Structure formats: structure tokens, C-alpha cells
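Structure first, then comments.
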Amino acid sequence: MRRILVTSALPYANGEIHIGHLVEYLQTDIWVRFQQLIGNRCLYLCADDTHGTAVMISARKAGVSEAEFIARMQESHQRDFAAFDIRFDHYGSTNSAANRAICERIWHSIRQAELVVERDVEQLYDPRVGTFLPDRFVRGQCPKCGSPDEPGDNCSRCGHHYSPSELIEPRSTLSGATPELRKAPHLFIELEKLRGFLESWTQTGDHLQAEIANYLKGHFLGEPLRDWDISRPAPYFGFEIPDSPGNYWYVWFDAPIGYIASTHEWCERHGERLDDWWRSPECEVHHFIGKDITYFHTLFWPGMLKTAGFSLPTKVHIHGFLTVDGEKMSKSKGTFVAARTYLRHLDPSYLRYFYASKLSSRVEDLDLAVDEFIAKVNTDLVNKIVNLASRTAKFVESTGLSPTYPDDGGLFVAAAAAGAEIREAFEATDFSRAVRLIVALADRANPFVEERRPWDLRKDPAKAGELQDVCTVALNLFRQIVVYLSPVLPRLAEQAGALLGDPITRWEQSQTPLVGKPVNKFTHMLRRVEEKDVLAMIEESKPAGEVDTATASPAPGVVGSTTWNDSGVPLAAEPLAPECTIDDFQKIDLRVARVIAAEDVPEAKKLLKLTLSLGGDTTKNVFAGIKEAYKPEQLVGKLVVCVANLAPRKMKFGTSEGMVTAASTDGAPPTEVFVITADTGAVPGQRVH
RNA sequence: GGUCCGGUAGCUCAGCGGUUAGAGCAGGGGACUCAUAAUCCCUUGGUCGGGGGUUCGAAUCCCUCCCGGACUACCA
């Protein structure tokens with residue numbers, strides 16, 4: 001029996017769980033349940049990741065204390081996980097006494113290893129809010145290309161990288177205030193000192209997927225590893241560093257330590273020793289994470305563990321992101337579905353099954369195509385698998401299963417043998433392969449029922465024995481499939497166990513048929529998915545107030561903010577700029593213009609080249625960063641609003657003589673950009689007053 | 001631009017050196033009626049991205065090009 005400790009990444013306490021998060025938690029939960037099913041001792045641990053500026057700000061906005069804020073969020077997270085049958089052995093919080101203690105312990109080791117250096121860091125500071133600003137909380141004009149309102153780390157227009165302090169006319173997105181440059185001491189971990197260890201750990205053994213090891217080799221280990229800035233000056237929601245008053249551990253220092261702290265809390269409750277799980281060569285440690293946090297889990301984290309003498313991860317399992325119908329999840333398209341919203345419309349088993357049917361051990365994005373989702377769930381689960389039971393169980397309600405297992409032409413034995421391959425696939429987190437193999441078993445079981453025609457047998461009392469045998473076979477094949485599928489579909493396993501009076505708890509149950517048992521009354525196990533439910537879920541996930549003009553028209557004559565129920569998200573994402581005067585506004589000459597030509601700039605990722613007419617012979621050549629939102633032909637003929645007196649700017653592909661105005665939510669993907677057009681009747685050349 | 005992954009039937013994918021390339025779904029035809037109109041049988045459909053090469057033999061190995069995606073672009 002192996003002893004295995006498993007974690008999923010700690011969800012951040014700044015937002016709700018959505019179906020993208022669930023890829024990871026379901027993947028992990030399935031693997032854990034599989035391990036338990038085959039008899040291994042397997043613990044599944046998680047916690048909320050609670051620290052950092054973002055939580056501090058969100059709590060402030062919500063008008064509650066951080067403690068209150070994270071408590072609410074944690075409750076919400078745990079409720080969602082439970083609803084999807086994600087079964088943690090313990091769910092902690094990084095804002096716990098246990099975590100603080102272990103952070104201190106690990107910190108002490110890192111200090112002792114002389115890996116810490118102190119250096120001053122200049123960072124922008126918001127004097128109005130009284131806090132230092134992470135890069136993404138600062139916006140301003142790009143120092144290179146002059147593009148206004150660019151984020152604090154790099155320019156979305158020219159791609160130039162800079163530090164937020166290089167921005168021209170920077171402002172805080174929290175308050176609109178002009179940030180000040182302030183110097184503060186920060187603590188750094190000198191990761192380069194661990195190079196030897198990290199090279200060998202990442203490049204040998206089976207700790208990482210091959211593509212990840214390769215990626216690290218090329219991207220990080222190819223040059224000196226940079227020092228890791230792991231402290232933040234006050235105010236910061238987190239743990240104060242004991243030997244550095246006024247400084248707090250950066251959230252990414254204490255977050256992974258939460259894995260150990262959560263284990264510690266579990267140990268306290270169950271009378272176990274932490275060292276048996278985190279300092280024992282007998283115990284495997286498996287982390288499941290998304291590809292976005294590869295860096296933290298494959299370099300810093302092993303470095304910290306190694307230095308502090310904890311077990312290194314046996315394996316870091318890294319998965320890709322979720323896409324919906326081939327595109328990134330999008331709030332406006334309604335594909336950014338909160339777990340809570342999903343639950344209002346659909347059965348969690350559908351998602352568990354669908355994800356399982358798509359997941360492999362590779363670092364690939366997983367696509368949820370709505371049609372495929374519906375087809376897979378209905379065809380495989382309901383029509384093929386559950387159908388085996390629902391078409392035969394009632395014939396043996398009174399007699400129960402045959403006392404000995406009848407001749408089934410070798411079906412049960414063959415499916416039992418297939419278990420070895422299915423088991424390997426689960427072990428390797430190659431769930432799509434496992435599911436494919438399992439469904440193939442159902443494809444063989446249904447023809448058996450068809451051929452033996454139980455519905456005819458029941459008409460002849462002399463064939464009662466044969467009827468019982470046929471149903472005994474069908475129900476056993478069903479049960480066998482459900483045992484294999486039980487890590488994916490625990491509810492179905494429970495229902496099947498109840499039907500046959502024999503709870504499904506062990507993989508071995510797939511190897512021996514069940515005989516001589518009474519059969520309970522069959523009750524529905526899984527409803528078919530209906531397209532309208534999926535569509536309703538997507539509709540509900542669209543931002544409130546966003547009316548789909550193709551399908552809905554507003555009630556005439558009724559106008560008011562309560563009627564429209566517009567979301568507060570865009571404004572909150574990008575608070576109002578500092579006040580300006582009418583004179584300030586007059587400097588900007590906005591004009592109505594007609595797009596008379598639009599063409600793609602093939603070499604550019606974001607740009608379209610537009611020719612704007614201001615009426616008469618006056619035209620302007622403008623490059624607009626809207627390629628990902630519009631096709632050129634959609635724009636030709638449109639009346640847009642342009643900044644007509646903008647200084648011309650030479651760009652890689654030509655000179656841009658103006659700018660087309662467009663609306664977007666800060667932080668939204670580049671596909672969510674909406675060009676501002678003029679109402680009917682406006683003509684090119686008119687000024688916007 | 002760099003790195004990596006992929007391109008096999010309309011769709012999702014399997015096969016990854018060896019008999020005429022497979023499955024499920026979808027399409028077409030038929031059967032059945034126990035079952036959540038589920039099931040079963042038959043069937044249409046593919047120069048395995050293009051081109052070179054290695055080999056007795058290639059979807060499978062090598063080279064090259066094209067296309068799609070992810071990551072990355074002095075950033076952690």
C-alpha cells in the first residue's frame with residue numbers, strides 16, 4: 001500500500017470558483033478517488049490562498065475586514081467544491097496559525113542557509129490609499145510608443161517592457177492618484193545558489209512532464225536564476241516577517257506552505273505525525289497545478305522544501321486551461337461560468353464525466369465544446385451505460401440475481417482483464433484513455449442484451465431462469481463499468497451500489513461478479529442533458545444588463561438603471577480618471593469619421609489598418625488595435641469616432657495619423673473591444689462636443 | 001522571432017515500422033420495443049497536411065515546407 005499526499009493549487013480568496021478552476025479540482029479528485037479505490041492511503045489537501053494586495057483591496061472595497069472577507073470567500077469555495085463531489089480530507093487557509101508557524105520554520109532554514117539578501121526596491125506608492133502598488137494596479141502612458149493608458153508591466157500596443165515607474169503620467173487604478181516613487185528594503189532569496197539542486201531535480205527522474213522539464217531548461221536554467229523578491233513592505237495583508245519588522249512575506253512565499261499547514265491541521269485532528277507525510281521517503285507528494293503557476297511550483301517551491309528539509313514533490317502534474325467552444329472563457333459571451341451558476345442548471349456528474357473524457361497527462365488546454373459536451377454525456381453515460389441497468393433491473397426485482405454467474409460468452413472476464421489497462425491509464429492521469437476503454441465495454445454489453453431479448457423471455461414462464469440469467473449478466477457488466485468509473489462518478493457508483501445492495505468501494509469488485517443478491521427497485525440515475533439547460537446557464541453567465549440584440553428587445557418606454565441592471569464590473573475594473581476641465585477636454589478633437597477602407601496587417605498581432613474619411617477629400621490613415629475583435633469587412637462603411645488631432649506616430653507598419661475610439665473593460669481579453677460609432681444622421685467631419 | 005505540441009473519415013480521437021488504416025458520434029438503410037425516442041444490425045465516408053528520403057515494407061523513422069495551438073520575446 002502506497003502512502004500518497006495530494007494537493008490542488010490553493011484557490012485565491014479574491015473570487016469565486018468557476019468551471020475553469022474545476023478542471024484542476026476534478027482532475028485531482030478523480031485521481032485521489034482512484035488511488036483510494038485501488039487501496040492506497042491517499043490524502044487530498046487544499047486551502048484558501050488568502051494573502052496579498054488584491055485581497056486587501058477587495059476587502060476594503062467591500063467595506064469589511066480582511067478576516068471577514070476571506071472567511072466569506074472560503075465558505076463559498078468550500079460549498080462549491082462539495083457540490084461537485086470534490087472531497088478534501090482537509091481544507092485549510094493560508095491565514096492560519098499553523099501556516100504562520102511553518103512559514104517561520106522554513107524561513108529560519110532559508111536564513112540559516114544564507115540565501116537571503118536585502119536590497120532597496122523602488123516601487124510606486126499610492127498616497128491616497130496608502131499602499132504600494134503591484135504592477136497591474138498602475139496604468140499610464142507607454143514610455144516608448146506613447147500609447148496612453150497602458151498597464152504597469154508592458155505596453156499592449158508596442159509590446160515594450162518596462163517597470164511601472166517608467167510610465168509617463170502614471171496613475172493608480174485604485175484611486176486615480178498619481179503614484180509616488182518610494183524606496184523600501186525588500187528581502188530576496190538567491191535562487192542561483194540552489195542551481196545545482198534545481199538542475200538535477202528538474203532534469204532527472206519523473207517529477208515533471210517532459211515538456212515542462214524542457215521548458216525550464218530553456219527558459220530559466222539557461223541563464224543565472226534571478227533573486228526572488230519575497231517580501232513586501234507594510235501595509236500588506238499577510239504575515240509579518242519575524243526578523244524583519246514592517247515587512248511581510250509575499251503571498252507566493254506563504255501560499256505553497258499552506259499545503260504543509262493544511263496537512264499539519266489534518267494531522268492534529270487525526271492523531272498523525274506531520275513528518276510521516278512531509279519528511280518520509282515512504283510518502284509520495286503529488287501537486288496538481290495549472291500551467292500558469294509552473295514557475296512557482298517547479299523552482300521556488302522545490303528550492304524551499306529542499307532547504308528546509310521537507311520531502312520534494314514526487315510529481316508536479318500540470319494541466320492546461322479551459323476553453324469553451326475553442327475560445328478563451330469570456331464574460332460577455334457567458335462562457336465564464338461560475339460553479340454556482342453551473343449548479344443551478346446542470347448536474348455536476350456531467351462535468352466530471354466530460355472533463356475526465358478529455359483530460360490527458362499532457363499540458364494541453366481542454367476545450368469544452370457545448371455540442372460535444374451534450375453528446376458525450378447523453379450518448380455514453382445515459383444511452384449506453386445507465387441504460388444497461390434501466391433496461392434490465394426491473395425484470396429481476398422479484399427474483400434477484402442468479403445464484404451462480406451464467407455464461408455470458410466471456411464478456412465479464414474480458415472486461416475484468418481490461419481493468420489492468422484502465423487502471424494504468426488512471427494512474428498515469430490519462431483519464432481520456434481510461435474513459436475510452438470503459439465506454440468500449442458498454443458497447444459490447446448492450447448487444448448481449450439485444451441478442452438475448454429479455455422482453456421476450458419474460459412472456460414465457462418456462463424461461464424465467466434464462467431471463468434472470470440475462471439480467472444478471474447485464475447488471476454485472478453495468479456494475480463492472482461503474483466500478484471503473486467510480487472515481488469519476490461517485491454518485492453513480494453510490495446509486496449502483498444501492499441498486500444491488502453492495503456498496504462500491506474497491507477496484508477488485510470489478511473482477512468478481514455479484515450473484516445471489518436481491519435487486520432493488522430501479523430509480524432514475526442520471527437525467528439526459530438538454531441543450532436548453534446549457535444555453536440557459538450561458539445566458540445567466542452573461543454580465544447583467546448586457547442585452548443580446550439579436551434575441552431580445554428592451555421593453556419600450558421603460559428606462560432606468562434598475563431596469564437595465566448593468567453590471568458594476570467595468571467601472572470597478574477601471575475607476576474614473578482624475579477630474580479634468582472643459583479646457584482639457586477641448587484639447588482633444590474628436591470627430592465623426594467614416595471607415596472607407598480597412599485591411600489586415602498580416603505581420604501584426606493586434607492591428608488593422610483603417611482609412612478614415614473626415615468628409616470631402618480629407619482622409620486619415622490609422623492603425624487600430626482591434627484585430628482580435630473585428631474583421632476588416634465589418635468596419636467598412638461604419639461611422640466611428642476618432643481622435644483627429646492626435647500627433648502622428650510612426651509605427652512598424654506605417655504612420656498612424658489618429659486613433660479610433662473603442663470601449664473595453666480593463667483586463668478583458670482583446671476580443672472584447674467595441675468601437676464607438678455615431679448615431680444615424682451623423683456625418684463625417686462633425687466634431688464631438 | 002524562439003521553444004514546444006499537434007495536423008488520420010463531417011466531428012472527437014485511437015493507431016506510432018508489418019496483413020486491404022480503426023472506434024465513437026454525425027449521415028444513409030433496416031430491425032426491435034425492455035429502456036431516460038434509449039438499443040441493435042448493415043452501410044456511406046479517408047492520395048493518414050504537402051514534398052522528398054531511409055526500408056523488403058511508413059500514418060508510423062529522418063529531412064523539408066505549409067497550417068493550427070500553447071508558451072515565450074530580455075518578465076516573474
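This structure is a prediction, so every number in the text was calculated from the model and none was measured. We name chains A, B, ... by the order of the sequence lines, and we start the count at 1 in each one.
Nucleotides B/G15 and B/A70, compared at atom P, are 24 Å apart to the nearest Å. B/G50 sits 15 Å from B/U8 when the C1' atoms are compared, rounded to a whole Å. A distance of about 16 Å separates the C1' atoms of B/C5 and B/C16, rounded to the whole Å. Rounded to the nearest Å, the gap between the P atom of B/U47 and that of B/G6 is 23 Å. Separation of the P atoms belonging to B/C65 and B/C25 is 41 Å when rounded to the nearest angstrom. For the P atoms, the distance from B/G29 to B/G68 is 38 Å, rounded to whole Å. Annotation: B/C67 and B/C74 have their P atoms spaced 25 Å apart (nearest Å). Nucleotides B/G46 and B/G30, compared at atom P, are 23 Å apart to the nearest Å.
One interatomic measurement links the two molecules: CD of A/E211 to C1' of B/U3, which rounds to 12 Å at whole-angstrom precision. B/A76 atom C1' lies 9 Å from atom OH of A/Y215, rounded to whole Å. Rounded to an integer number of Å, the gap from CZ of A/F478 to P of B/U36 is 14 Å. Computed from coordinates, the A/F321 CZ to B/C5 P distance equals 19 Å when rounded to whole Å. The CG-C1' distance, from A/L492 to B/U36, rounds to 14 Å in whole Å. Distance A/L477 CG to B/A35 P: 20 Å, rounded to the nearest Å. Look at CG on A/L216: it is 13 Å from C1' on B/U72, rounded to the nearest Å. Rounded to whole angstrom, the span from the CG atom of A/L366 across to the P atom of B/G69 amounts to 18 Å.
Atom CG in A/D347 sits 11.0 Å away from atom CZ in A/R352 (nearest 0.5 Å). Going from atom CG of A/D365 over to atom CG of A/L322 covers 8.5 Å, rounded to the nearest 0.5 Å. Atom OG1 of A/T294 sits about 3.5 Å away from atom CD1 of A/I318, to the nearest 0.5 Å. Of the inter-residue distances, the one linking A/Y484 atom OH with A/R479 atom CZ reads 11.0 Å to the nearest 0.5 angstrom.
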side-chain contact (heavy atoms from CB on, under 4.5 Å) between A/V439 and A/K384, intermediate numbers included: CA-CA 8 Å; A/V439 174; A/K384 287 180 180 171; 4.1 Å; yes

side-chain contact (heavy atoms from CB on, under 4.5 Å) between A/D254 and A/H51, intermediate numbers included: CA-CA 8 Å; A/D254 71 59; A/H51 292 153; 2.8 Å; yes

Evaluate side-chain contact (heavy atoms from CB on, under 4.5 Å) for A/F300 paired with A/I230, printing each intermediate quantity in order. CA-CA 11 Å; A/F300 296 143; A/I230 50 83; over 6 Å; no

Could you walk me through whether A/L526 and A/S349 satisfy the side-chain contact (heavy atoms from CB on, under 4.5 Å) test, starting with their C-alpha distance in whole Å, then the side-chain angles of each, then the deciding distance to 0.1 Å, before giving a yes or no? CA-CA 8 Å; A/L526 200 63; A/S349 295; 4.0 Å; yes

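A/Y405 pairs by the ring-ring contact (aromatic ring centres under 6.0 Å, His included) definition with A/F412, not counting sequence neighbours. A search for side chain to side chain donor-acceptor pair (under 3.5 Å) contacts involving A/S361 returns nothing, not counting sequence neighbours. Residues meeting the side chain to side chain donor-acceptor pair (under 3.5 Å) test with A/D49, sequence neighbours left out: none. For A/R453, the side chain to side chain donor-acceptor pair (under 3.5 Å) partners two or more places apart in sequence, or in a different chain, are A/D456.
Listed in residue order, the members of residues 525-535 of chain A having a heavy atom less than 4.0 Å from RNA chain B are A/M525, A/L526, A/R528. Of the residues in residues 222-233 of chain A, those placing a heavy atom less than 4.0 Å from an atom of RNA chain B are A/R226, A/W228, in numerical order.
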Return a single string for nucleotides 22-34 of chain B, one symbol per nucleotide in 5' to 3' order, where B is base contact, S is sugar-phosphate-only contact and - is none, cutoff 4.0 angstrom on heavy atoms. --SS------SSB

Can you give one letter per nucleotide of nucleotides 6-16 of chain B, going 5' to 3': B for a protein heavy atom under 4.0 Å from the base, S for sugar-phosphate only, - for none? S-----SSS--

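Sequence neighbours left out, the pairs with a member in residues 362-395 of chain A that pass ring-ring contact (aromatic ring centres under 6.0 Å, His included) are A/F354-A/F373. The side chain to side chain donor-acceptor pair (under 3.5 Å) analysis of residues 488-499 of chain A, with sequence neighbours excluded, yields the pairs A/D85-A/R491.
Using a 4.0 Å heavy-atom criterion, one finds that A/N214 contacts the sugar-phosphate atoms exclusively.
Without hydrogens or angle criteria, A/Q123 side chain to A/L181 main chain gives no donor-acceptor distance under 3.5 Å. Side-chain N or O atoms of A/R195 include one that pairs as donor or acceptor with a backbone N or O of A/L221 at under 3.5 Å. The backbone N or O of A/V138 sits nowhere less than 3.5 Å from a side-chain atom of A/S172 that would complete a donor-acceptor pair.
For the residue pair A/D229 / A/H186, a side-chain donor-acceptor distance below 3.5 Å is found, with atom types taken as modelled.
Residue side chain A/D365 does not reach the base of B/A70 through any donor-acceptor N/O pair under 3.5 Å, judged by distance alone.
Both thresholds, 5.5 Å between centres and 30° between ring planes, are not jointly met by A/H219 relative to the base of B/C71, so the two rings are not stacked.
Positionally, the nearest nucleotide of RNA chain B for A/K291 lies more toward the 5' end than for the other of A/K291 and A/F300.
For A/H297 and A/F288, the distance between ring centers is not under 6.0 angstrom. Taking the six-membered ring for Trp and the full ring otherwise, the centers of A/F188 and A/W228 sit at least 6.0 Å from each other.
Base pairing in RNA chain B gives the following stems of 3 or more Watson-Crick or G-U pairs, range against range and under 3.5 Å: B:1-7 with B:66-72, B:10-13 with B:22-25, B:27-31 with B:39-43, B:49-53 with B:61-65.
Each of B/A35, B/U36, B/A70 was ranked by its minimum atom distance to the side chain of A/V382; first place goes to B/U36. The nucleotide whose nearest atom lies closest to any side-chain atom of A/N383 is, among B/C4, B/A38, B/A76, B/A38.
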Taking N or O atoms only and anything under 3.5 Å, show me the protein contacts with nucleotides 60-62 of chain B, one pair per line.
none

